[in-house]
Amino acid sequence: MTEAATTQAPPRLGRLGLQQSHFKWLLVVPLIIFFVIFFVIPVGLIFATSFNPPAIGQVSVTAEFTLENYLRFFSRSNYLMAAGRSVLLGVVVAAVTLVVAYPMAFVIANTEHPGRNTALLILVLAAMQLDMVIRLYGMMVILGDNGLINQMLMGLGLIGPEDPVQLMYNFLGVVLGLVQFSLPFMILTLMGVIRGIDPSLEEAARSLGASRRRAFFRVTLPMSMPGILSGSLLVFALSISSYIVPALMGGFRVGVLPIHIFQQVAEGARFQFGATIAAILFLLSAGAVAIYLKVGTRRSGGLT
Amino acid sequence: MERRISLPMLILAIAGFAYMLFPIFVVVLAGLTAGEFLTFPPEGLSLRWIAAFLQSEKYLSAFFFSFRLALMTMVVATVLGTAAALFLSRTRMVGRNAMRAFFLSPVVLPGVVIGYSLFAFFIATNMGISRTIWGLWIGHILYSTPYVIGTVGAALAAYDVSLEEAARSLGASPWRAFRKVTLPNIGQGIQAGSIFAFIVSFGQFEVSLFLSAPNSEPLPIAMYNSLRYKFDPSAAAAGIFAITLVTASVLLTNRLVNIRRLLERQQD
């Protein structure tokens with residue numbers, strides 16, 4: 001082999017290229033096997049379970065087929081409302097997160113100073129990587145009935161001591177928590193798109209007489225649309241999937257799909273109906289992710 | 001060319017950063033408060049809750065359980081993810097983008113559903129690991145590997161494959177060319193990826209929910225279980241250690257790879 005290398009380089013390269021193309025599959029086969037066994041098959045099992053007749057305490061899949069669980073889901077207002085609440089929550093959170101994240105992404109994208117830019121990115125990344133339960137602990141200390149905001153309002157005499165403002169254990173609290181959770185994802189998605197917009201376009205608009213505000217709303221913002229769309233879809237998918245935020249910030253009073261899954265499975269041992277809700281949530285989320293992949297021409301890099 | 005940042009935009013951005021970071025700051029304060037719980041204004045600082053955490057069987061064992069789980073996860077996720085990223089960077093096959101999306105999907109799909117699926121799968125197959133560290137390990141590998149693929153993929157995108165080809169044409173074996181040329185070039189990307197894998201496993205909640213049991217409880221689950229009933233400042237003290245760990249890893253990552261490039265890489 002080494003002899004051939006010094007004398008006949010070109011044909012050898014071709015041959016090795018072919019060998020390499022077989023060899024390189026070995027790199028990905030372990031992960032494919034892992035994903036098939038521990039991701040595709042288990043999720044497939046859940047879908048199969050959702051078509052089994054309900055049997056309390058029975059986990060395994062059987063050959064019996066029924067649509068009973070799905071009929072139950074779509075005929076009970078309780079579950080339909082939960083689905084609707086999940087979707088509404090996803091939409092509201094995506095909209096609020098967008099409004100909060102856009103200026104942040106804009107400032108990061110336009111901070112040219114490398115050190116300052118890196119420092120801002122480190123903050124975003126650290127917030128994103130930090131355990132959500134810890135961040136929610138902070139949120140609860142701030143927003144609770146005896147929380148910092150209510151203590152401050154009482155201290156100022158704006159509200160009575162027995163009359164705290166309900167900032168959590170309701171829909172509002174869940175939204176506030178999910179925005180906190182989603183911000184880094186939205187920022188990272190928007191940032192790349194905003195940086196890709198040529199500033200000379202905005203300048204051209206200004207030199208033609210547009211005010212700064214008008215140039216922003218007519219040029220920069222519309223050109224951020226791909227990022228806005230994919231960021232919102234990503235945040236929607238993340239929000240409807242979250243269990244921990246509705247559990248802690250909603251205090252189980254905001255019944256969304258992930259909460260119902262846990263209740264059916266862990267508390268009721270109703271595995272088939274739990275699987276049905278899981279399948280519906282999975283499809284909703286996967287649908288949003290699929291559209292996200294379709295529209296995402298430019299996306300945040302390594303992490304999503 | 002630089003766009004000037006207008007004042008209203010700057011104010012909104014600062015408010016946004018405050019919203020993002022203030023709860024974290026509050027956890028640090030709550031863990032260092034001298035009182036029974038955090039009040040406004042704070043009652044003063046003390047280390048009593050840090051001491052309580054260090055003596056609490058529940059949080060300390062959960063902290064080390066999470067640490068061990070994250071290390072185990074990191075090893076496998078780094079190997080599987082790096083290999084897959086190498087494949088994805090070298091193949092031109094149809095559907096490689098779909099394959100990439102498939103490998104990244106556990107991050108964005110509902111963790112509760114993935115956790116429940118694994119739980120049911122372990123029981124149905126009689127594997128006996130449904131509520132042990134091994135079951136959690138598998139769930140966490142699924143969730144952490146995408147971060148390795150993304151980070152190593154970014155390092156590979158910045159790497160010129162022709163360097164390896166040059167080594168090959170000079171007679172190096174494929175393995176030698178990879179080890180001597182490619183690996184040193186992407187090594188820091190791999191290290192950064194493994195740090196990410198560690199840290200997302202350490203903070204993972206949703207996938208763990210169905211897979212943990214009272215004697216195999218990662219820190220987020222332990223904190224959640226106590227938070228449902230009361231505000232325990234020693235949980236916040238545990239949070240301080242986790243915050244330190246995450247901050248240190250992100251700073252370390254920043255030394256290893258260019259964070260700006262990692263986060264802004266345009267995908268093909």
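Chain identifiers are assigned alphabetically (A, B, ...) following the order of the sequence lines, protein sequences preceding nucleic acid strands; residue numbering begins at 1 within each chain.
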Chain A shares the most heavy-atom pairs under 4.5 Å, among B:Val27, B:Leu142, B:Ile24, with B:Leu142
Do any N or O atoms from the side chain of B:Tyr224 and from the backbone of A:Leu248 form a donor-acceptor pair under 3.5 angstrom? no
Side chain, backbone, both or neither: which part of B:Ser249 has an atom under 4.5 Å from a heavy atom of chain A? neither
At a heavy-atom distance under 4.5 Å, which candidate from A:Ala101, A:Gly147, A:Ala127 has the highest pair count against chain B? A:Ala127
Go through the atoms of B:Ala236 and report whether side chain, backbone, both or neither lie under 4.5 Å from a heavy atom of chain A. both
Top of A:Pro184, A:Ala288, A:Ala278, A:Ala247 for chain B proximity - count of heavy-atom pairs under 4.5 angstrom: A:Ala278
Please report the interatomic distance CZ(B:Phe196) to CD(A:Gln129), rounded to the nearest 0.5 Å. 5.0 Å
Part of B:Asp232 lying under 4.5 Å from any heavy atom of chain A: backbone
Do B:Phe103 and A:Val28 have side-chain heavy atoms sitting under 4.5 Å apart? yes
Can you give each donor-acceptor pair under 3.5 Å made by side-chain atoms of residues 31-49 of chain A, sequence neighbours left out, with the distance rounded to 0.1 Å?
from    : atom 1 : to      : atom 2 : distance (Å)
A:Thr49 : OG1    : A:Leu45 : O      : 2.6

Spacing of B:Leu21 atom CG and A:Leu183 atom CG [to the nearest 0.5 Å]: 9.5 Å
Should B:Leu251 and A:Ile122 count as side-chain neighbours, where that means a heavy-atom distance under 4.5 Å? yes
Apply side chain to side chain contact (heavy atoms under 4.5 Å, CB included) to residues A:Ile187 and B:Met20 and explain how you reach the verdict. CA-CA 11 Å; A:Ile187 294 170; B:Met20 189 174 76; 4.1 Å; yes
Is atom CZ of A:Phe252 surrounded by more than 12 heavy atoms (other residues, nucleotides or ligands) closer than 6.0 Å? yes
Side chain to side chain donor-acceptor pair (under 3.5 Å) filter on B:Ser208, not counting sequence neighbours, yields B:His140
Beyond-backbone contact of A:Trp25 with B:Met93, side-chain heavy atoms, under 4.5 angstrom: yes
For chain B, find which of A:Ile142, A:Val124, A:Val59, A:Leu238 contributes the most heavy-atom pairs closer than 4.5 angstrom. A:Ile142
Chain B heavy atoms under 4.5 Å from A:Ala275: which part of the residue, side chain, backbone, both or neither? both
Based on non-hydrogen pairs under 4.5 Å, which of B:Leu86, B:Asn254, B:Val76 is most in contact with chain A? B:Asn254
Smallest heavy-atom separation, B:Ala242 atom then A:Ile134 atom, equals CB-CD1, 3.3 Å
Side-chain touch B:Ile243/A:Leu130, heavy atoms, less than 4.5 angstrom: yes
Under 4.5 Å from a heavy atom of chain A, the part of B:Phe205 involved: side chain
So which heavy atom on B:Arg90 is nearest to which on A:Lys24, and how close? O-NZ, 3.1 Å
Counting N and O atoms only, with roles assigned by atom type, does the side chain of A:Tyr243 sit under 3.5 Å from a partner on the main chain of B:Pro110, one being a donor and the other an acceptor? no
Shortest non-hydrogen contact from B:Gly203 to A:Asp131? O-OD1, 3.7 Å
Is the shortest heavy-atom distance from the side chain of A:Ser241 to the side chain of B:Glu206 under 4.5 Å? no
To check you understand the geometry: which heavy-atom pair defines the closest contact between A:Ser60 and B:Ala124, and what is its length? OG-CA, 4.1 Å
Quick one: does B:Leu12's side chain get under 4.5 Å of A:Tyr102's, heavy atoms only? no
Measure B:Phe25 against the heavy atoms of chain A and call it side chain, backbone, both or neither at under 4.5 Å. neither
Please confirm whether B:Phe210 and A:Phe262 have ring centers closer than 6.0 angstrom. yes
Among A:Pro30, A:Ala237, A:Pro114, which residue has the highest count of heavy-atom pairs closer than 4.5 Å to chain B? A:Pro114
At a 4.5 Å cut-off on heavy atoms, which part of B:Ile138 comes close to chain A: side chain, backbone, both, or neither? both
Could you look at A:Leu123 and say if it's the side chain, the backbone, both or neither that has a heavy atom under 4.5 Å from chain B? both
Picking from A:Pro258, A:Ala126, A:Ala105, A:Gly251, which has the most non-hydrogen pairs under 4.5 angstrom with chain B? A:Ala126
Of all heavy-atom pairs linking B:Pro23 and A:Gln180, the shortest is CG-OE1, 3.7 Å
Verify the neighbour count for atom CZ of A:Arg212: are there more than 12 heavy atoms of other residues, nucleotides or ligands below 6.0 Å? yes
Check whether B:Phe119 gets within reach of chain A through its side chain, its backbone, both or neither, counting any heavy atom under 4.5 Å. side chain
Distance in Å, B:Tyr116 OH paired with A:Ile277 CD1, rounded so as to fall on 0.5 Å steps: 9.5 Å
Please state whether the side chain, the backbone, both or neither of B:Ile114 comes within less than 4.5 Å of a heavy atom of chain A. side chain
Could you tell me which non-hydrogen atom of B:Tyr19 sits nearest to which non-hydrogen atom of A:Met139, and how far apart they are? OH-CE, 3.5 Å
Count the heavy-atom pairs under 4.5 Å between each of B:Val112, B:Leu109, B:Asn258 and chain A, then report the option with the highest count. B:Leu109
Of the listed residues (A:Leu284, A:Val289, A:Leu257, A:Leu176), which shares the most heavy-atom pairs with chain B below a 4.5 Å separation? A:Leu176
Okay, A:Phe216 and chain B: the region with an atom under 4.5 Å from a heavy atom over there is side chain
